[in-house]
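This report concerns only the one structure given below.
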Amino acid sequence: MPTGLFLMWQNPSWSTMHIADGHRGIWAGFPLLYAGGVVTATLLGFLLAQALCLVGAGYWAYLNCVAGHFLLFGTLVHGWDGQGYRRFLSTDGAALRAWPKDSIVNNVLRFMTSGTFLALLVLGTAVIGTLLLTEIGWLAEGWLLPGGAQALKVPRFLAVAIAGAGLYGLPLLGALLASTLVRFLGYPAGLAVFAAFAGGLLLPRHSPVRWLYGLVGLPKGHWRATADLLPENGTPAAHSRHRSVRG
């Protein structure tokens with residue numbers, strides 16, 4: 001959220017996908033809604049994923065993350081008008097309007113030599129690097145829990161790669177496919193075909209994505225939090241001694 005606000009101040013046109021030309025084009029309440037929206041959406045996403053994990057629906061918690069990344073990549077790749085990638089790779093409205101006049105390579109090089117790209121590179125490296133290290137740490141912590149190491153079916157390095165591909169690569173490929181279908185078939189038919197394909201790939205019990213998901217080392221039934229009541233002198237204990245995590 002802080003990096004997003006910095007980029008919005010540094011280049012309001014790029015941060016709003018060139019809807020606004022400058023600071024005067026941004027409603028004063030938009031930064032407030034943006035900052036609050038990011039935090040609120042993060043909390044809601046976490047609570048939803050946590051609830052799904054606690055009831056044993058870890059795979060659906062994973063799909064919750066996939067859906068979020070799909071919407072992100074879909075915005076960057078296609079957007080609302082099919083120019084998402086152009087808007088992302090243009091520093092201002094003038095560059096966006098001039099996009100068809102030059103080659104894709106020159107447009108990309110022009111963006112990569114801009115101050116906006118430099119700021120995005122520095123801030124993105126810090127934020128995304130921290131995120132990736134945290135996620136790898138979560139996986140490593142999970143393998144230390146009861147049943148985690150036994151359920152791991154591939155080397156840990158490969159498991160991290162599979163998890164990364166499933167969390168970032170799969171949504172990106174999905175966004176590219178959805179964009180292509182929409183361009184050729186239009187929104188109704190394109191999205192319908194994509195939904196049918198994505199459902200067949202993700203939802204069946206023996207789908208390839210579920211198979212890859214099972215290689216990462218999550219025990220059967222996923223993690224469930226339960227309270228163990230230990231007997232005391234032949235009678236149930238009046239309180240829970242600890243909370244355990246079971247497969």
- Quick one: do Val160 and Leu215 end up in the same hydrophobic cluster if we chain Ile, Leu, Val, Met, Phe, Trp and Tyr together by side-chain heavy atoms under 4.5 Å apart? yes
Looking only at heavy atoms, the pair that brings Pro31 and Met8 closest together is CG-SD, 3.9 Å
Paired with Val209, the side chain to side chain contact (heavy atoms under 4.5 Å, CB included) test is passed by just one of Leu170, Leu63, Val66, namely Leu170
Task: Backbone N/O of Leu7 and side chain of Ser15: donor-acceptor pair under 3.5 Å - done: yes
One should read off an interatomic distance between Phe194 CZ and Leu181 CG, to the nearest 0.5 angstrom, of 8.0 Å
message: For Trp27 and Leu33: C-alpha separation, side-chain torsions, deciding distance, then whether side chain to side chain contact (heavy atoms under 4.5 Å, CB included) applies.
response: CA-CA 10 Å; Trp27 173 53; Leu33 294 176; 3.5 Å; yes
d(Ile104 CD1, Leu109 CG) to nearest 0.5 Å is 12.0 Å
Tyr213/Ile162 under side chain to side chain contact (heavy atoms under 4.5 Å, CB included): CA gap, chis, key distance, verdict
CA-CA 8 Å; Tyr213 175 85; Ile162 292 174; over 6 Å; no
task: Assess whether atom CD1 of Ile128 is packed by more than 12 heavy atoms of other residues, nucleotides or ligands within 6.0 Å.
output: no
Under the criterion side chain to side chain contact (heavy atoms under 4.5 Å, CB included), I'd like the reasoning laid out for Leu152 against Val216: C-alpha separation, chi angles, the key distance, then a yes or no.
CA-CA 6 Å; Leu152 183 62; Val216 176; 5.6 Å; no
When rounded to the nearest 0.5 Å, the distance separating OG1 of Thr125 from CG of Leu121 is 4.5 Å
### Query
Hey, are the side chains of Asp81 and Arg87 touching, using non-hydrogen atoms and a 4.5 Å cut-off?
yes
Only one of Asn107, Asn106, Thr113 passes side-chain hydrogen bond (donor to acceptor under 3.5 Å, both in side chains) with Arg110, and that residue is Asn107
| request: Find out if a path of hydrophobic residues (ILVMFWY) with successive side-chain heavy-atom gaps under 4.5 Å connects Trp138 to Phe46. | output: no
Nearest heavy-atom contact between Gly166 and Pro171 is O-CD, 3.7 Å
Closest non-hydrogen contact found for Asn11 with Trp14 is OD1-N, 3.1 Å
Practice problem: Look at the side chain of Thr16 and the backbone N and O of Ala20, then say whether any donor-acceptor pair between them is shorter than 3.5 Å. | Solution: yes
CE of Met1 to OH of Tyr34, rounded to nearest 0.5 Å, is 8.5 Å
To the nearest 0.5 Å, atom CE of Met112 lies from atom CG of Leu118 at 11.5 Å
Are Leu76 and Tyr168 connected into the same hydrophobic cluster when the rule is that any two of I, L, V, M, F, W, Y join if their side-chain heavy atoms are below 4.5 Å apart? no
Residues Arg183 and Val77: closest non-hydrogen pair is NH2-O, 4.1 Å
key: Flag, side chain of Arg210 to backbone of Pro204, donor-acceptor distance under 3.5 Å   = yes
query = Counting heavy atoms not belonging to Leu201, are there more than 12 under 6.0 Å from its CG?
reply = yes
Q. Do the side chain of His18 and the main chain of Ser90 share a donor and acceptor less than 3.5 angstrom apart?
A. yes
**Prompt:** Are Trp60 and Leu203 close enough, and set up right, to give a side chain to side chain contact (heavy atoms under 4.5 Å, CB included), and what steps lead you there?
**Reply:** CA-CA 9 Å; Trp60 289 93; Leu203 301 183; 3.6 Å; yes
| said: So that I know where these two stand, are Tyr85 and Phe73 an aromatic pair - ring centroids less than 6.0 Å apart? | reply: no
Regarding Asp92 and Ser13, do their side chains bring together a donor and an acceptor under 3.5 Å, going by distance alone?
no
Correct closest heavy-atom pair for Thr42 and Val38 would be OG1-O, 2.7 Å
For atom CZ of Phe6, is the number of surrounding heavy atoms from other residues, nucleotides or ligands below 6.0 Å larger than 12? no
Can you tell me if Trp211 has over 12 outside heavy atoms packed within less than 6.0 Å of its CH2? no
**Message:** Tell me if a side-chain donor or acceptor on Arg86 pairs with a main-chain N or O of Leu96 at a distance below 3.5 Å.
**Reply:** no
Q.
When you measure from the side chain of Thr40 to the backbone of Gly37, do you find a donor-acceptor pair of N or O atoms at a distance under 3.5 Å?
A. no
- Task: Determine yes or no for a side-chain-to-main-chain donor-acceptor pair under 3.5 angstrom, with Ser179 supplying the side chain and Ala175 the backbone.
- Result: no
| field | Flag side-chain contact, heavy atom, 4.5 Å: Trp143 against Arg156 | value | yes
* Phe70 with Tyr62, same ILVMFWY side-chain cluster at under 4.5 Å -> yes
Worksheet item: Where the side chain of Thr180 meets the backbone of Leu176, is there a donor-acceptor pair that is under 3.5 Å apart?
Response: yes
| request: Kindly work out whether a path of hydrophobic side-chain contacts (I/L/V/M/F/W/Y, heavy atoms less than 4.5 Å apart) joins Leu131 to Leu167. | output: yes
Scanning both residues in full, the closest heavy-atom pair of Gly200 with Ser207 reads O-CB, 4.3 Å
Exercise. If only atom types and distance count, is the side chain of His23 paired as donor or acceptor with the main-chain N or O of Trp9 below 3.5 Å?
Worked result: yes
Value for OH (Tyr59) from CG (Asn64), rounded to nearest 0.5 Å, stands at 13.0 Å
